[in-house]
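In each ligand, atom 1 is the first atom listed, and ligand 1 is the first ligand listed.
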Amino acid sequence: MPALIEPVSDTAIARAAALLRDGRLVAFPTETVYGLGGDATNDRAVAAIFEAKGRPAFNPLICHVPDIEAAGTLVTFDPIAERLAALYWPGALTLVLPRRTGCPVSLLASAGLDTLAVRIPERPAALALLRAVGRPVAGPSANPSGRISPTTARHVADGLGDKVAMILDDGPCPVGIESTVIGVTEGKAYLLRPGGITAEAVEAEIGPLHAPISDAVQAPGMLQSHYAPDRPVRLNASDARPGEALLGFGPDAPPGPNLSPSGDLVEAAANLFALLHELDRPEHAGIAVMPVPETGLGRAINDRLRRAAAC
Ligand code: TXA
Ligand code: MG
């Protein structure tokens, strides 16, 4: 029996691709977080993803492809979508666009919507895998629904180890927070989920991003209680109450776990889920998190933290 966690190599990628083509689930690394991959054109594989995650079936999945040609066979691009793709692909941007007639992706992956979320990841191991599979790969974050996203192969094994055929291990994820999701309809770009590419950076290129018309309908994944550790999370804490673990931010935090001792938001995003995983232990009554500024990547970090605190 081959080990569940396999370090990236040509052989491991070929084996992962064969498993995916065979309808099995494979967890794979991207620059943002690890994805729970399944053949997006195979209804049963897509259903198996929902089942493995325990994800409500109305929550649609992101399809990963290796290049813009492959994306163009699935969805249609208007000029704004083309511009965004040219600016940020490969990278931490997901575009929600109208499905093409004859799009081979399972309707289950779109959860009944006439749009599809598409992304070209930047990580070489992910691109090599997608090229080897030769089909779009549906890939939500590889965690049980409502739990913290995995940024290491070990996180995946802990959460979903008995549900995947293989975990392709390429070390920790450099971005550490999920992709920014932007929907483009009728010439307007909507920020559906803040993420690894900042809204400010996108707005500097294409002008203001619109707020989703309805959070629940536009990005069903943005349920209030999401990204939740088992322990209660308390935000904007200045110190820990008895029994709580303190998650610091910046140079003024007391010694101990710190999202970024220098106050760097990129480093904080990369550390966020790993530190929440680490502090989510029975000996802690809760996790108190120090304030993180609401600018740049801080918006995505605070979004995830508010969801972690919401349940
Ligand atoms: O960084 C990432 O985006 C990771 C890696 C693995 O690529 N994937 C990820 O996927 O975070 P997931 O499924 O956990 O999040 C997808 C988000 C959800 O908020 C979902 O509701 C939204 O994208 N989404 C997907 N398809 C959509 C659609 N057709 N319309 C609106 N929102 C959609
Ligand atoms: Mg997720």
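The residues E283 and R281 are annotated as salt-bridged, a charged nitrogen and a carboxylate oxygen being separated by less than 4.0 angstrom. For the pair R123 and D170, the salt-bridge criterion is met [side-chain N within less than 4.0 Å of a carboxylate O]. Using a 4.0 Å cut-off between a side-chain N of Lys or Arg and a carboxylate O of Asp or Glu, R231 and E244 do not qualify as a salt bridge.
In the hydrophobic clustering of ILVMFWY residues, with side-chain heavy atoms under 4.5 Å counting as a link, L74 and I80 come out together.
Among A109, P140, A27, the residue whose heavy atom lies closest to atom 10 (O) of ligand 1 is P140. Comparing G195, A138, S141 by heavy-atom distance to atom 9 (C) of ligand 1, the nearest is S141. Across the listed options T115, L93, I62, V137, T115 owns the non-hydrogen atom lying nearest to atom 29 (N) of ligand 1.
Counting only residues at least two apart or on different chains, the salt bridge (charged side-chain N to carboxylate O under 4.0 Å, His left out) pairs with a member in residues 155-168 are R154-D158. For residues 109-120, every residue pair satisfying the salt bridge (charged side-chain N to carboxylate O under 4.0 Å, His left out) rule, not counting sequence neighbours, is listed here: E31-R119.
Counting heavy atoms under 4.0 Å from ligand 1, residue V96 touches it through the side chain alone. Of the heavy atoms in E178, both backbone and side-chain atoms come closer than 4.0 Å to ligand 1.
Between S110 and ligand 1 there is no heavy-atom distance shorter than 4.0 Å. Under a 4.0 angstrom heavy-atom cut-off, G183 registers as lying outside contact with ligand 1.
For a threshold of 3.5 Å applied to N or O pairs, the pair formed by Y34 and ligand 1 contains no separation below that value. The distance criterion of under 3.5 Å between nitrogen or oxygen atoms is not met by K53 with respect to ligand 1.
A tilted orientation is assigned to the rings of Y190 and H210, their planes being inclined by 30° to 60°.
Considering OG of S238 and CG of D252, their distance stands at 12.0 Å, rounded to 0.5 Å.
The Mg ion (ligand 2) has an N, O or S atom of S141 inside 2.8 Å of it.
Interface atoms of ligand 1 facing L113, defined by a heavy-atom separation under 4.0 Å, are 28 (C), 29 (N), 30 (N). Counting the atoms of ligand 1 from 1 in the order shown, those under 4.0 Å from a heavy atom of G35 are 6 (C). Each of the atoms 5 (C), 6 (C), 7 (O) of ligand 1 lies under 4.0 Å from some heavy atom of H64.
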